J.: 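My questions will all concern the structure given below.
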Amino acid sequence: MKSTVFFKNMPAIIATSTICGPKEGQGNLGEYIETRLQDDTFGEKTYEKAERKMLSHVINKSVQNANLRLCDVDCLISGDLLNQIISSSFSAREFDIPYLGVYNACSTMSEALAISAVLVDGGYMSTTVSATGSHFSTAERQYRYPLELGSVRPPQAQWTVTGAGSAVISSKSGFYPRITSATIGKVTDFGVTDVNNMGAAMAPAAFRSIYNHLKDTNRKPSYYDLILTGDLGALGSRLLKHLAKEKGVDIDNNHVDCGEMIYNIDEEEYQGGSGAGCSAVVFNSYIYTKMRQKKFNKVLFVATGALLSTVSSQQGETIPAIAHAISIENGVV
Amino acid sequence: MQKAYNSKYLEYVSKISPKTNEKRSLLRAFFVGGTICLIGQFIRFFLEFTFGLYGDVLSGTTSVILIFIGSLLTGLGVYDRIGKFAGGGSIVPITGFANSVVSPAMEFKTEGFIYGLAAKMFVIAGPILVFGILGSVSVGIIYYIVGLF
């Protein structure tokens with residue numbers, strides 16, 4: 001059984017756009033992020049509206065950056081973390097574009113990219129947009145406590161990224177980073193129950209997808225300049241490397257994690273960033289820019305997601321997780 | 001097989017996960033919690049010696065003033081900062097109870113005054129009320145029965 005799709009026509013990522021909140025803007029990758037907000041409400045009355053506006057903003061901007069008009073886009077594929085993915089659906093309401101809503105928690109970006117690639121590679125559509133985002137304040141209220149509650153975050157916790165990213169996938173020719181294959185993840189659960197330790201819950205899923213990808217493509221980890229996981233954080237990354245070592249796969253030299261990169265960890269981010277916006281912002285800003293500059297030429301993008309809800313964790317269920325691996329390469333056409 | 005593997009993994013996770021610094025947490029909780037109680041005691045002395053309050057009225061008024069201060073600091077966005085530092089030290093005193101009622105009320109105001117603010121006000125304090133009242137009633141009944149003999 002193979003879980004990898006190989007793309008014959010290799011769809012191109014022709015443009016991206018990113019937006020982030022003040023904290024992310026001051027982080028390590030701030031200068032690469034297109035729009036940096038000073039105010040995390042984005043001039044809106046509620047944080048939910050702000051998240052929605054961020055998503056609409058990057059979708060619009062990415063299409064502009066590709067020198068296209070919105071009417072040139074055949075399909076919009078997006079998702080987010082809020083119940084019933086309202087941010088995505090409500091932002092899609094503003095556009096006259098066919099819309100597919102997807103949810104895979106924080107691995108939504110790689111899922112959306114995979115679906116886009118399939119649609120474009122098959123020749124069914126010529127241009128699609130994949131986007132996703134998250135907001136610290138909306139995630140806190142949905143998954144944890146009110147913002148003003150005087151509670152302590154445990155040291156294994158991560159910080160949900162306020163931000164959104166969007167990518168335009170097209171069948172256009174020319175020099176662009178191209179999606180060459182996608183390994184669809186399997187839901188993996190090693191029995192972690194601590195909702196503050198997402199890195200530990202997601203590391204096995206990330207490793208499984210990386211392992212399957214390398215097996216299906218017959219590649220070694222060293223084939224890639226970067227193996228970029230989504231939001232495992234510092235702790236999750238250590239666990240991933242531990243699991244890899246156990247199976248005899250050496251990813252020590254080229255593995256990096258979006259969650260570990262995004263913040264200068266000095267306050268309470270502890271293990272780093274998380275959330276659907278984390279991998280979306282990092283991939284579409286820093287990584288994409290560096291790929292266009294040919295600083296990185298082969299990247300395996302493995303966004304990771306924890307598929308829990310507050311109900312499931314209160315009922316004592318363990319945390320299932322998923323990761324999709326997308327291979328993005330320069331100079332393949 | 002899978003289960004044994006999982007438990008090995010979970011063991012490794014708990015081995016490398018960073019631990020809460022208990023000594024530091026306890027010290028911080030002791031000093032901040034103690035300071036809050038000290039302020040309460042000063043308020044009590046002030047009310048007693050300036051206004052001549054005594055008994056239930058004295059302790060009731062002291063609590064009301066502390067609850068007001070806790071709520072005000074929550075509204076000003078200060079209490080959560082104290083909480084991040086103090087942990088249990090600012091949760092256990094009555095100001096922490098005020099914080100646990102006011103913070104969800106503020107958070108859910110966006111969903112309206114009835115289904116948002118009013119309905120969600122007790123999501124955190126609710127269990128404290130339920131078990132607090134249940135506990136006090138049980139103790140009262142035992143006290144009554146013991147008093148019969």
Side-chain angles (χ1 to χ4, degrees), chain A residues 41 44-50 137-138 140-142 144-158 188-194 196-205 207-208 232-243 245-247 265 267-268 270-271 310 318-319, chain B residues 2-21 25 28-29 32 70-71 73-93 95-111 116 120-121 123-125:
Chain A
T41 63
E44 295 289 331
K45 275 200 181 122
T46 68
Y47 290 118
E48 282 74 14
K49 282 197 171 123
S137 302
T138 60
E140 278 300 297
R141 82 137 75 179
Q142 182 176 304
R144 282 175 280 271
Y145 298 114
L147 293 173
E148 296 299 334
L149 186 74
S151 58
V152 182
R153 301 172 77 81
Q156 71 272 29
Q158 288 169 265
T188 308
D189 189 341
F190 273 22
V192 175
T193 47
D194 181 3
N196 285 308
N197 201 347
M198 292 296 182
M202 297 188 295
F207 176 66
R208 197 174 181 188
L232 296 178
L235 180 62
S237 299
R238 264 184 80 183
L239 290 164
L240 173 69
K241 283 173 185 160
H242 171 77
L243 291 169
K245 221 162 252 165
E246 266 188 354
K247 285 267 187 180
I265 297 172
E267 202 196 338
E268 280 188 299
Y270 294 121
Q271 303 300 328
T310 46
T318 53
I319 304 170
Chain B
Q2 183 61 30
K3 227 175 188 172
Y5 185 79
N6 287 356
S7 66
K8 220 178 90 196
Y9 176 72
L10 293 176
E11 233 168 67
Y12 185 72
V13 169
S14 66
K15 204 179 93 192
I16 73 160
S17 292
K19 304 282 178 297
T20 306
N21 186 338
S25 302
R28 284 177 172 184
V32 178
S71 310
L73 290 179
T74 305
L76 294 174
V78 178
Y79 206 85
D80 62 319
R81 280 156 212 252
I82 301 173
K84 274 171 196 165
F85 177 80
S90 60
I91 294 173
V92 175
T95 47
F97 184 75
N99 172 250
S100 73
V101 175
V102 175
S103 60
M106 285 166 67
E107 180 94 12
F108 292 98
K109 209 180 82 192
T110 50
E111 273 97 303
K120 296 279 173 68
M121 198 176 220
V123 281
I124 294 159

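Quick note on labels: first sequence line is chain A, next is B, and so on, each numbered from 1. Small disclaimer: the values here were computed from a predicted structure and weren't measured.
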J.: Begin from the C-alpha positions of B:T110 and A:R141 and carry the test side chain to side chain contact (heavy atoms under 4.5 Å, CB included) through to its verdict.
T.: CA-CA 12 Å; B:T110 50; A:R141 82 137 75 179; 3.0 Å; yes
J.: Less than 4.5 Å to any heavy atom of chain B: does that hold for the side chain of A:E246, its backbone, both, or neither?
T.: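 Only the side chain of A:E246 comes within 4.5 Å of chain B.
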J.: Under a 3.5 Å distance rule, please check whether B:N6 uses its side chain to pair with a backbone N or O of A:G191 as donor and acceptor.
T.: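 The answer is no, because no donor-acceptor pair under 3.5 Å joins these two groups.
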J.: Can any side-chain N or O of B:E107 pair as donor or acceptor with the backbone N or O of A:L147 at less than 3.5 Å?
T.: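 It does hold such a pair.
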J.: Where is the tightest heavy-atom contact between B:G87 and A:V152, given as atom of each residue plus distance?
T.: CA-CG2, 3.3 Å
J.: Shorter than 4.5 Å, heavy atoms on both sides: which option in B:G83, B:S25, B:S90 has the most such pairs with chain A?
T.: B:G83
J.: Which of parallel (below 30°), tilted (30 to 60°) and perpendicular (above 60°) describes A:H242 and B:Y12?
T.: parallel
J.: How close do A:L235 and B:S17 get, heavy atom to heavy atom, and via which atoms?
T.: CD2-OG, 3.6 Å
J.: For a 4.5 angstrom cut-off between non-hydrogen side-chain atoms, does A:P146 reach B:I124?
T.: yes
J.: Taking all non-hydrogen atoms of both residues, which atom of B:V13 and which atom of A:A200 are closest, and how far apart?
T.: CG1-CB, 3.6 Å
J.: Heavy-atom distances under 4.5 Å only: say whether B:K15 touches chain A with side chain, backbone, both or neither.
T.: neither
J.: For A:S137, is it the side chain, the backbone, both, or neither that has a heavy atom closer than 4.5 Å to a heavy atom of chain B?
T.: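 Backbone only.
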J.: For a quick test of reading the model, state the closest non-hydrogen atom pair linking A:A203 to B:Y9 and the distance between them.
T.: CB-OH, 3.7 Å
J.: Non-hydrogen atoms of chain A under 4.5 Å away: do they reach the side chain of B:K109, the backbone, both or neither?
T.: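 Neither part.
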J.: Do the non-hydrogen side-chain atoms of B:S100 and A:L149 ever get within less than 4.5 Å of each other?
T.: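 In contact.
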J.: With a 4.5 angstrom heavy-atom cut-off, is it the side chain or the backbone of A:N197 that approaches chain B, or both, or neither?
T.: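 Contact with chain B is through the side chain of A:N197 alone.
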J.: With respect to chain B, which residue among A:L243, A:L239, A:V192, A:T46 yields the maximal number of heavy-atom pairs within a distance under 4.5 Å?
T.: A:L239
J.: Taking all heavy atoms of B:K84 and all of A:S151, pick out the closest pair and write down the distance.
T.: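 Distance-wise, the nearest heavy atoms are CG-O, 3.8 Å.
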J.: With a 4.5 angstrom heavy-atom cut-off, which part of B:I91 approaches chain A: side chain, backbone, both or neither?
T.: side chain
J.: Supply the atom-to-atom distance B:R81 CZ to A:E148 CD, rounded to the nearest 0.5 angstrom.
T.: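 Answer for the CZ-CD pair, B:R81 versus A:E148, is 8.0 Å.
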